[in-house]
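What you see is a predicted model; the values in this text were computed from it and never measured. Numbering of ligands and ligand atoms starts at 1, following listing order.
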Amino acid sequence: MDVGSQQRGQWTSKIGFIFAAAGSAIGLGNIWRFPYITGQNGGAAFVFVYLMCILVIGLPYLYAELALGRYVHKNPVGAIRAIRPGSAWVLIGGLGVVTGLGILSYYAVIAGWTVGYIFKMAIPNQITFGEFVANPYLVVSLFAFFILITILVVYGGVQNGIERWSKILMPLLFVLLLGLIVYANFLPGSGKGLAFYLKPDFSKITGKVVLAALGQAFFSLSLGMGLMITYGSYLSKEDNLISSGFYVALADTAIAIMAGLIIFPALFAMNQNPAAGPGLVFQVLPAIFLHMPGGVIVGMIFFLLLSIAALTSTISLLEVPTAYLVDEKRVARKVAVWIVGGLTFLIGLPSALSQGAVSWLSKPIVGGMEFLSLMDFVWGNISLTVGAFFLSIFVGWVWGAKHAATELQQGNPAFARWAPFWSFLIRFVTPVFIFIILLNLFKFFG
Ligand code: PHE
């Protein structure tokens with residue numbers, strides 16, 4: 001029985017869900033974060049570990065979130081409450097809601113830069129990336145603009161807002177990336193970049209590399225904060241969670257790999273440093289656009305599509321805390337959206353100002369990271385990884401892998417054969433693997 005689905009929104013079609021979930025997954029994580037993290041972690045060996053993490057941890061864990069979400073039709077907090085009322089597990093749902101705010105707070109800052117770059121491409125006599133991000137008026141107003149657009153879309157609710165946008169624009173991004181791959185790999189000197197990206201040197205794999213890869217896998221698939229619980233809650237029992245989830249993961253991984261196939265060849269062709277950090281994509285791509293025939297237009301279209309890819313992700317990030325307020329606190333949706341959006345803006349200001357605008361925020365705080373990178377590490381990596389650790393235990397042991405597998409079989413009876421294998425992954429492999437990787441983290445900080 002579809003409890004509560006009359007009052008709650010539902011996706012209009014299977015394909016609508018796939019586009020919306022893929023819209024959440026595909027974003028700055030693929031095109032901005034994946035290349036810069038890959039560059040910092042030595043290239044191909046990282047890519048290999050990343051792909052393993054997606055396959056062995058990310059995809060099975062995605063099914064756990066989707067199953068729980070569709071079973072209870074609730075936000076992460078409500079979902080946990082429905083299974084284990086009055087237990088401390090609800091804190092994990094709460095962590096997810098807070099993580100949504102945390103990620104959105106700096107994510108929308110970067111998304112603001114991409115909007116700025118649509119226009120920056122058109123202006124000759126470029127200011128540098130460094131000058132651009134150090135201008136407080138520019139970055140704060142672009143950040144505010146992005147939050148505002150996100151609020152306005154989420155305001156419209158599940159079907160009108162989220163679904164419609166994703167359907168049209170994601171395929172367009174795909175085609176543009178394909179074209180850019182071809183262009184970048186014809187640049188003289190690009191071969192070295194391709195080797196850096198695709199020829200693994202396995203001796204480079206360290207605990208730090210694996211943590212970065214695992215965190216990136218969760219970040220990119222929008223996992224670990226209950227987002228897929230929330231999106232799964234808008235699905236109906238006829239939907240096939242297994243195939244839908246698989247397409248989402250496939251599309252997300254493909255876009256990230258494609259982004260790398262552009263960035264690294266171009267980067268090496270221009271003799272730049274792959275470990276440049278969060279500014280990497282904003283420094284490398286405009287430089288290739290400027291040398292390319294018709295590059296101004298291509299560059300503008302690229303940053304426009306990237307902004308939209310980011311928007312379908314910020315929408316989803318805003319949706320989790322919003323769904324929490326609507327379901328659990330009975331706040332009207334239109335009010336909830338403004339509360340969450342406003343709060344995010346305040347929390348995000350230090351990140352926006354941490355790239356040169358305010359000097360003490362821009363200095364390394366811990367581990368060589370300035371404020372924004374630190375937020376990205378804390379929320380975008382650690383918090384998601386910790387969240388996934390507890391949620392995999394929750395689904396595998398507390399709710400029970402059996403119940404979850406039964407849910408996954410609805411809409412895909414053939415899954416019965418795979419259920420024992422999946423249960424093993426979610427009960428043992430995922431939590432143990434994450435635990436070991438997190439232990440390593442404490443070693444780094446002494
Ligand atoms: N997956 C998104 C991206 O790669 C970011 C995101 C993380 C969105 C977590 C929602 C939840 O850009």
message: So, applying side chain to side chain contact (heavy atoms under 4.5 Å, CB included) with Ile301, which one of Leu173, Leu176, Ile118, Leu172 is it?
response: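 When Leu173, Leu176, Ile118, Leu172 are each tested with Ile301, the side chain to side chain contact (heavy atoms under 4.5 Å, CB included) holds only for Leu176.
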query: Which protein residues have a heavy atom closer than 4.0 Å to any atom of ligand 1, listed by chain and number?
result: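 For ligand 1, the residues that come within the 4.0 Å heavy-atom cutoff are Ser24, Ala25, Gly27, Leu28, Gly29, Asn30, Tyr107, Phe219, Ser220, Ser222, Met225, Ser313, Ser316, Leu317.
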Partner of Phe282 by ring-ring contact (aromatic ring centres under 6.0 Å, His included), out of Tyr36, Phe289, Phe129: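 Among Tyr36, Phe289, Phe129, the one that satisfies the ring-ring contact (aromatic ring centres under 6.0 Å, His included) with Phe282 is Phe129.
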- request: Side-chain contact test, heavy atoms from C-beta onward, threshold under 4.5 Å: evaluate it for Phe394 versus Ile83 and give yes or no.
  value: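 Touching, per the 4.5 Å side-chain cut-off.
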query: What do the steps show when you test Ser383 against Thr99 for side-chain hydrogen bond (donor to acceptor under 3.5 Å, both in side chains), and what is the final call?
result: CA-CA 7 Å; Ser383 188; Thr99 305; 2.7 Å; yes
Can you give me every donor-acceptor pair (side chain of residues 142-150, partner residue at least two apart or in another chain, under 3.5 Å) with its distance?
| residue | atom | partner | partner atom | Å |
| --- | --- | --- | --- | --- |
| Thr150 | OG1 | Phe146 | O | 2.8 |
| Thr150 | OG1 | Thr314 | OG1 | 3.1 |

field: Separation between CG of Asp327 and NZ of Lys74, rounded to the nearest 0.5 Å
entry: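 Between atom CG of Asp327 and atom NZ of Lys74 there are 7.0 Å.
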